[in-house]
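Below is one structure, written out as structure tokens, with a few remarks after it.
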Amino acid sequence: MDNLTHTLTGALLGAALTPDDPERAVPARTRVLLAVVATNLPDIDFALGLFTDPLTLLNLHRGLTHSFLFAPVFGLAAAAVAHQLTARRHRFRDLLLIATLAALLHCALDLLTVYGTQIFAPISTRPFALPVLFIVDPAVWVLLGAFGVLAWRRGSTRLARDGLIALCVYAALCGLAMLWAARIGVAYAQHKGLGSTVLALPQPLSPAHWKLVVIDGDEYHTSYLNLLGAGPRAPVADDAGFLASTWGAYQPADALAWRKRHRFGIEPLMRGFTKYAWRRDELGEFRRFAVLPQVYSLTNRGVDSGCAWFTDLRFESPAVSPPFRYGMCHGPVDGRLYHDRGWSLETDDAPPLGRR
């Protein structure tokens, strides 16, 4: 989840914790501030980007710092600092409880998105995901913000708790929506005689928006679903804005437009090259990360040279270029790996990540 969501949930958590010893109680302001800081600490792993390349960072992010097993370390560190800053006026165990719960809350929220979280690191580096929430969900901001303002104005721990309960209910409803969307994908797969692996991935702007992916060997069948839609929507104009283009891409179940895609590209003659590029050692970290890898673009194609750009369909949404695009080139710059940061994919003059 985004850091605004983490901050709001941390604030509610701090406000919701009722002290068992009123005489030595941690003041509400201190509880909220400590929880907000502690719940954002796991994202300190972004600093690893200063010491490694963007591709390696894909697997380092949401690793050890996002583990349920490591969260108490953040809790201990945050509580120790708070204990000193408050001149030891409050019981250390109270501060430790607040900070540890806040760090655990961060890990739990990130588990609900498509990226994947290594919740058992360092014992296991396998990422787990229960993708029921889009990584940036304005509905969650409104929900948490409303309960937070009311709880603060009225000095009510009960309202803060109700806000956290409301978030759990919202996530549960999104989970039911995911199952509903997946059933629609399964029905399509059965009708077409495709593979049995069907994914329903949360999408922006509405909890009713889902991306359906049917995996059939090296082929994907994808579609954008609006669970609450009725009847086909009118085509969106080419010059429509971001919101209109995104919203209009999601169709009701009875009017879905399915797109067939191949993991290594639609051109059979180029698949040998893209498969070769995909197997290169330089892309090892991306192969480990990507759940739905696909060739995004082929550039500078020649008889014996070219660049294959790969992305992960988990992160593709309408009207937005997918993130995490990496190009593997063969020919004059054989073995060079590129990271797309917004330059044109029509040339291969993008700054390389480096030869390995």
Side-chain angles (χ1 to χ4, degrees), residues 1-22 25-43 62 66 68 71-72 74-75 78-79 82 86 90-91 93-115 117 119 129-179 202-209 227-228:
M1 300 299 293
D2 62 283
N3 287 97
L4 177 57
T5 299
H6 288 306
T7 297
L8 293 172
T9 52
L12 281 179
L13 177 67
L17 295 174
T18 304
D20 59 0
D21 184 357
V26 180
R29 289 179 182 271
T30 303
R31 298 199 310 268
V32 168
L33 181 59
L34 175 58
V36 166
V37 171
T39 200
N40 280 286
L41 281 179
D43 278 340
R62 294 204 187 178
H66 286 66
F68 287 149
F74 281 130
T86 56
H90 314 300
R91 291 184 303 185
R93 70 179 187 185
D94 292 341
L95 299 173
L96 179 61
L97 176 64
I98 295 168
T100 301
L101 288 178
L104 287 170
L105 184 59
H106 182 116
C107 303
L109 281 175
D110 279 356
L111 187 63
L112 302 181
T113 64
V114 299
Y115 194 99
T117 306
I119 55 175
L130 181 62
V132 299
L133 299 178
F134 191 66
I135 192 168
V136 177
D137 192 336
V140 172
W141 297 346
V142 173
L143 178 70
L144 296 176
F147 275 98
V149 170
L150 290 173
W152 189 257
R153 284 188 172 183
R154 300 181 183 181
S156 172
T157 58
R158 180 177 179 180
L159 279 172
R161 291 174 182 172
D162 288 344
L164 294 174
I165 293 173
L167 175 62
C168 294
V169 172
Y170 178 78
L173 291 175
C174 288
L176 293 176
M178 179 186 69
L179 296 177
Q203 294 288 285
L205 300 185
S206 170
H209 288 172
L227 287 172
L228 301 181

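Because the structure is a prediction, the values reported are computed rather than measured. Residue numbers run from 1 in the order of the sequence given.
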Hey, does [Y] have a side-chain heavy atom less than 4.5 Å from the side chain of [X]?
{"X": "Val140", "Y": "Leu167", "answer": "yes"}
{"X": "Pro204", "Y": "Val136", "answer": "no"}
{"X": "Tyr115", "Y": "Ile135", "answer": "no"}
{"X": "Leu205", "Y": "Phe134", "answer": "no"}
{"X": "Phe74", "Y": "Thr100", "answer": "no"}

For Pro27, check side chain to side chain contact (heavy atoms under 4.5 Å, CB included) against everything at least two apart and list the hits.
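Once residues adjacent in sequence are excluded, the partners of Pro27 under the side chain to side chain contact (heavy atoms under 4.5 Å, CB included) criterion are Thr30, His90.
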Among all residues two or more places apart in sequence or in another chain, which pass the side chain to side chain contact (heavy atoms under 4.5 Å, CB included) test with Leu97?
Leu101
How many angstroms lie between [atom1] in [X] and [atom2] in [Y], if you round to the nearest 0.5 Å?
{"X": "Ser206", "Y": "Leu227", "atom1": "OG", "atom2": "CG", "answer": "8.5 Å"}
{"X": "Leu109", "Y": "Leu104", "atom1": "CG", "atom2": "CG", "answer": "11.0 Å"}
{"X": "Leu164", "Y": "Leu159", "atom1": "CG", "atom2": "CG", "answer": "11.5 Å"}
{"X": "Thr86", "Y": "Leu95", "atom1": "OG1", "atom2": "CG", "answer": "5.5 Å"}

Minimum heavy-atom distance between [X] and [Y], given as atom pair plus value:
{"X": "Leu12", "Y": "Ala160", "answer": "O-CB, 3.6 Å"}
{"X": "Ala171", "Y": "Leu112", "answer": "CB-CD1, 4.2 Å"}
{"X": "Gly75", "Y": "Ala99", "answer": "O-CB, 3.5 Å"}
{"X": "Pro207", "Y": "Ala177", "answer": "O-CB, 4.2 Å"}
{"X": "Trp141", "Y": "Leu8", "answer": "O-CD1, 3.9 Å"}
{"X": "Leu143", "Y": "Tyr170", "answer": "CD2-CB, 4.2 Å"}

Thr113 and Arg62 side chains, donor-acceptor separation under 3.5 Å
yes
Cut-off 3.5 Å, side chains only: do Ser156 and Arg161 have a donor facing an acceptor?
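Per modelled atom types, Ser156 and Arg161 side chains form no pair under 3.5 Å.
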Between His6 and His106, what is the ring plane arrangement, given parallel below 30°, perpendicular above 60°, and tilted in between?
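Correct class here is parallel.
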Donor-acceptor pair, distance only, cut-off 3.5 Å: does the side chain of [X] make one with the backbone of [Y]?
{"X": "Thr39", "Y": "Ala35", "answer": "no"}
{"X": "Arg31", "Y": "Leu17", "answer": "yes"}
{"X": "Asp110", "Y": "Met1", "answer": "yes"}
{"X": "Thr117", "Y": "Ile119", "answer": "no"}

For side chain to side chain donor-acceptor pair (under 3.5 Å), just list the numbers for Thr7 and Asn40, CA-CA rounded to whole Å, side-chain angles, deciding distance to a tenth of an Å, and then say yes or no.
CA-CA 7 Å; Thr7 297; Asn40 280 286; 3.2 Å; yes
